[in-house]
Amino acid sequence: MAKDTDDHDAALESRIASGLHFADKETGAVIPPIHLATTYARDTEYALPDPGVGYSRDENPTYRVPERMLAELEAGADALLFASGMAAATAVFRALAPGDRIVVPDVMYWGLRHWIATFSETWGLERVTYVTSDPDSLALAITPGTRLVWVETPSNPLWDTTDLARAAELAHAAGAMLAVDSTVATPVHTQPILLGADIVMHAATKALNGHSDVLAGALVCRERNDFWGRIATERGEGGAVCGAFEAWLLQRGMRTLFLRQRRASESALAVAEALQAHPQVERVRYPGLADDPGHAVAAKQMRGGFGSMLSFMVRGGRDAALAVAGRLRLFASATSLGGVESLVEHRATIEGPDSPIPDNLLRLSVGIEVADDLIADLTQALDALD
Ligand SMILES: *Cc1c(COP(=O)(O)O)cnc(C)c1O
């Protein structure tokens, strides 16, 4: 008889390390297979051997392990993989109906901000924004007609913190759902569903996969309701599905999520403190710093660290910031985040002339290198400004 090795009493971290103790029933393989088939043969009664698995735009068995891992990581009822973080996020908005009122942050992942600004009206959605850095602004934006409240915390690229328990209370009191982009917090530091969120979204491209080699997105729900059913239908019929190889790489990446994220988070705090002490740095934004405006709330809702993302403003404006980025050696000058390698990014350049981001701001994605090496690299690049 096959051994049941999924020990539900073990810590989540232990279960995730082994991919929820996957073992193939036929072969005993401890690593799940990749199913590349797009179509599945029916039996003599014209029934599918594995109900629901008939065509790979609807369902791919390769998703099972990573989707179960995601649901466990977020303490949710179900999870769905998508082709990208944007495909996952926009599926939530596409599942709404014309006339639905949405409340979204003023500062958030810029690609989604741009998509919502461009398409929400075409879609018939009534968009209301709130100021991420002002805790009362969300309360004012949510009204009885609100259907969905979207929150990102910590939010790109200033890492403002939103109180999720409070946001859930406000949303639910108005009869709205709360959806949280938790890409930056990761389930290692925050589990929004346990704080009241209805849907959690991840750009799995980032820390969940962790190796800058997969484009994928995920949604996790608190309960399988009609709205979740609409999202699942939207994935299959809209066709923004995750590739089989990407889904497989993602389950592999997630096995080391806790190790990578704890290390990166610890280093990010050390880097933030070192930057704060440097005379060429005007300001550092990181929720882990005691004087950050979001620190008290972050300390309450995040655990085991404050994440691997921080930003700092360089004295001397745009040119000085670009000079620092250009001199860094361990930090590659590249967009994206959450990989094992550290990255630096000049957000204002990426976002273009309409960007609300200060042009002396550099965003860091801290990887798993030795913290002292990262600090030494930043120090040499800043020292050269004198
Ligand atoms: C990258 C990112 C997204 C979009 O994910 P893609 O996989 O690039 O589509 C959404 N939200 C946040 C916070 C991100 O960092």
Side-chain angles (χ1 to χ4, degrees), residues 74 76-78 80 82 85-156 160-183 190 192-202 217 219-235 237-238 240 294 297 301 354 356:
E74 288 295 1
D78 199 9
L80 287 167
F82 287 83
M86 282 298 288
T90 57
V92 177
F93 293 96
R94 282 196 295 259
L96 292 167
D100 280 349
R101 189 170 221 256
I102 57 169
V103 170
V104 298
D106 64 334
V107 178
M108 66 193 295
Y109 178 71
W110 78 294
L112 187 58
R113 172 160 47 89
H114 187 259
W115 184 89
I116 291 168
T118 312
F119 294 106
S120 60
E121 279 168 28
T122 330
W123 215 249
L125 302 174
E126 194 194 327
R127 172 172 58 111
V128 180
T129 58
Y130 67 91
V131 182
T132 320
S133 55
D134 173 5
D136 298 329
S137 177
L138 184 58
L140 291 172
I142 299 171
T143 59
T146 304
R147 182 83 207 287
L148 178 83
V149 178
W150 186 274
V151 161
E152 180 184 324
T153 186
S155 69
N156 257 291
D160 283 317
T161 303
T162 299
D163 186 332
L164 291 177
R166 174 100 182 102
E169 243 173 58
L170 291 168
H172 295 158
M177 295 175 281
L178 177 70
V180 180
D181 181 342
S182 201
T183 301
T190 310
I193 287 174
L194 297 182
L195 298 169
D198 301 285
I199 292 175
V200 178
M201 174 249 148
H202 281 286
L219 294 176
V220 183
C221 65
R222 175 223 287 281
E223 56 174 350
R224 284 195 183 94
N225 52 20
D226 290 349
F227 189 68
W228 185 251
R230 277 176 67 83
I231 291 174
T233 303
E234 154 62 31
R235 181 182 76 168
E237 295 181 358
V297 174
Q301 79 187 9
D354 297 340

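We use all heavy atoms of the structure for the numbers below, so side chains are in, but hydrogens, waters and symmetry mates are not.
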Going by the rule side-chain hydrogen bond (donor to acceptor under 3.5 Å, both in side chains), which residues pair with [X] if we only count those two or more places apart in sequence or in a different chain?
X	value
Thr183	Asp181
Asp163	Lys300
Gln301	none
Thr190	none

Working to the nearest 0.5 Å, report the span between [atom1] of [X] and [atom2] of [Y].
X	Y	atom1	atom2	value
Ile199	Cys221	CD1	SG	7.5 Å
Leu80	Leu219	CG	CG	6.5 Å
Arg222	Leu178	CZ	CG	9.0 Å
Thr233	Arg235	OG1	CZ	10.5 Å
Asp198	Asn225	CG	CG	8.0 Å

Any side-chain heavy-atom pair of [X] and [Y] under 4.5 Å:
X	Y	value
Thr132	Thr162	yes
Val92	Ile231	yes
Phe93	Leu148	yes
Val128	Ile102	no
Leu96	Met177	yes
Ser133	Val131	yes
Thr90	Phe119	no
His202	Ser182	yes

Give the intermediate values and the outcome of side chain to side chain contact (heavy atoms under 4.5 Å, CB included) for residues Trp115 and Met86. CA-CA 9 Å; Trp115 184 89; Met86 282 298 288; 3.8 Å; yes

On a heavy-atom basis, which atom in [X] and which in [Y] lie closest, and how many Å separate them?
X	Y	value
Val220	Gly76	CG1-CA, 3.8 Å
Ala174	Thr143	CB-O, 3.5 Å
Ala77	Arg224	O-NH2, 3.6 Å

Show me the pairs that pass salt bridge (charged side-chain N to carboxylate O under 4.0 Å, His left out) and involve residues 133-146, at least two apart or across chains. none

Kindly write out the residues that satisfy side chain to side chain contact (heavy atoms under 4.5 Å, CB included) with [X], not counting sequence neighbours, or none if the list is empty.
X	result
His114	Thr118
Arg113	Met108, Trp110, Glu351, Pro356
Leu194	Ala75, Gln191
Ala176	Thr146, Val149, Ala171

Hey, mind stepping through Trp150 and Leu112 against side chain to side chain contact (heavy atoms under 4.5 Å, CB included) and telling me if it holds? CA-CA 11 Å; Trp150 186 274; Leu112 187 58; 3.5 Å; yes

Residues two or more places apart in sequence or in another chain: which of them pass salt bridge (Lys or Arg N to Asp or Glu O under 4.0 Å) with Arg230?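 Per chain and number, Arg230 pairs via salt bridge (Lys or Arg N to Asp or Glu O under 4.0 Å) with no residue.
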
Side chain to side chain donor-acceptor pair (under 3.5 Å): pairs with one or both residues in residues 121-130, sequence neighbours excluded: Arg101-Glu126

List the residues meeting ring-ring contact (aromatic ring centres under 6.0 Å, His included) with Phe227, not counting sequence neighbours, and say none if there are none.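 Residues passing ring-ring contact (aromatic ring centres under 6.0 Å, His included) with Phe227: none at all.
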
For the CZ atom on Arg166, are there more than 12 heavy atoms of other groups (residues, nucleotides or ligands in this structure) within a distance under 6.0 Å?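 For Arg166, atom CZ is not crowded (no more than 12 foreign heavy atoms under 6.0 Å).
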
